Amino acid sequence: MPAVVVVGGAAIVASAVAAGSAEPATVESLCASAAEERLERRGRSDIEVGRSLEVTEADGAQRVSGTVKFVDEEGRTQYAQVRCVVRGEGDDLRVRSVRFSE
């Protein structure tokens with residue numbers, strides 16, 4: 001299975017405090033949303049980001065990693081590792097990059 005690598009060019013911005021009764025965004029939820037969005041833009045479907053994502057601190061950022069399952073353009077089920085770098089900027093959290101690998 002070839003490795004799939006995607007590096008985030010544009011940052012995805014999410015407010016740390018959502019309007020209404022919604023819960024605040026977490027680094028895990030921001031990473032999962034960013035990964036899903038990137039895969040959808042590349043024609044992938046049936047995307048499932050693992051529920052247990054690992055978060056570590058490095059260089060003033062939070063690194064989120066876990067697994068993702070999706071169906072590629074040929075209809076094959078693929079599995080990959082996903083890693084996001086999330087940084088806090090004021091009251092906002094920004095996903096600075098999303099990478100996928102085998």
Side-chain angles (χ1 to χ4, degrees):
M1 169 175 25
V4 179
V5 178
V6 180
V7 178
I12 297 171
V13 181
S15 175
V17 179
S21 63
E23 292 186 28
T26 64
V27 293
E28 295 94 337
S29 66
L30 291 173
C31 179
S33 294
E36 290 171 7
E37 180 183 322
R38 298 267 164 73
L39 289 169
E40 286 172 355
R41 280 190 285 164
R42 286 163 176 77
R44 304 327 189 249
S45 61
D46 297 327
I47 302 162
E48 295 179 28
V49 177
R51 293 183 188 262
S52 59
L53 298 173
E54 182 179 330
V55 180
T56 58
E57 287 280 330
D59 301 324
Q62 295 181 333
R63 294 178 188 222
V64 183
S65 59
T67 59
V68 63
K69 175 180 133 180
F70 58 90
V71 175
D72 66 16
E73 294 163 325
E74 288 81 33
R76 296 177 303 212
T77 299
Q78 302 285 331
Y79 297 87
Q81 295 293 316
V82 60
R83 188 175 88 178
C84 302
V85 175
V86 181
R87 289 190 183 275
E89 297 182 4
D91 290 337
D92 293 332
L93 294 172
R94 290 185 183 267
V95 176
R96 304 304 292 183
S97 69
V98 177
R99 295 179 186 210
F100 301 95
S101 62
E102 199 175 290

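Values in this document were obtained by computation on a predicted structure and should not be read as measured data. Note that the numbering runs from 1 along the sequence shown for the chain. Excluded from the calculations below are hydrogen atoms, water molecules and symmetry mates; all remaining heavy atoms, backbone and side chain alike, are included.
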>> Is the shortest side-chain heavy-atom distance between V85 and V95 below 4.5 Å?
In response: no
> What pairs meet the disulfide (SG to SG under 2.5 Å) rule with one or both residues in residues 33-72, with sequence neighbours excluded?
Replying inline: none
>> Applying disulfide (SG to SG under 2.5 Å) as the test, list every pair that has at least one member in residues 24-85; sequence neighbours left out.
In response: C31-C84
> Quick one: CD1 on I47 to CG on L39, what's the gap to the nearest 0.5 Å?
Replying inline: 4.5 Å
>> With a 3.5 Å distance limit and no angle check, can you tell me whether S29 reaches the backbone of A25 through a side-chain donor-acceptor pair?
In response: no
>> Is it the case that the side chain of R38 and the backbone of E36 share a donor-acceptor pair, with hydrogens and angles ignored and the cut-off at 3.5 Å?
In response: no
Throw together a table of side-chain donor-acceptor distances under 3.5 angstrom for residues 49-73, partners on residues two or more places apart or in other chains.
| from | atom 1 | to | atom 2 | distance (Å) |
| --- | --- | --- | --- | --- |
| E57 | OE2 | Q62 | NE2 | 3.0 |
| D72 | OD1 | E74 | N | 3.0 |
| D72 | OD1 | G75 | N | 3.1 |
| D72 | OD1 | R76 | N | 2.8 |
| D72 | OD2 | R76 | NE | 3.0 |
| D72 | OD2 | R76 | NH2 | 3.0 |
| D72 | OD2 | Q78 | NE2 | 3.1 |

>> Can you tell whether the side chains of E37 and R41 come within less than 4.0 Å, N to carboxylate O?
In response: yes
>> Can you tell me how far apart CZ (R83) and CZ (R99) are? Round to the nearest 0.5 Å.
In response: 6.0 Å
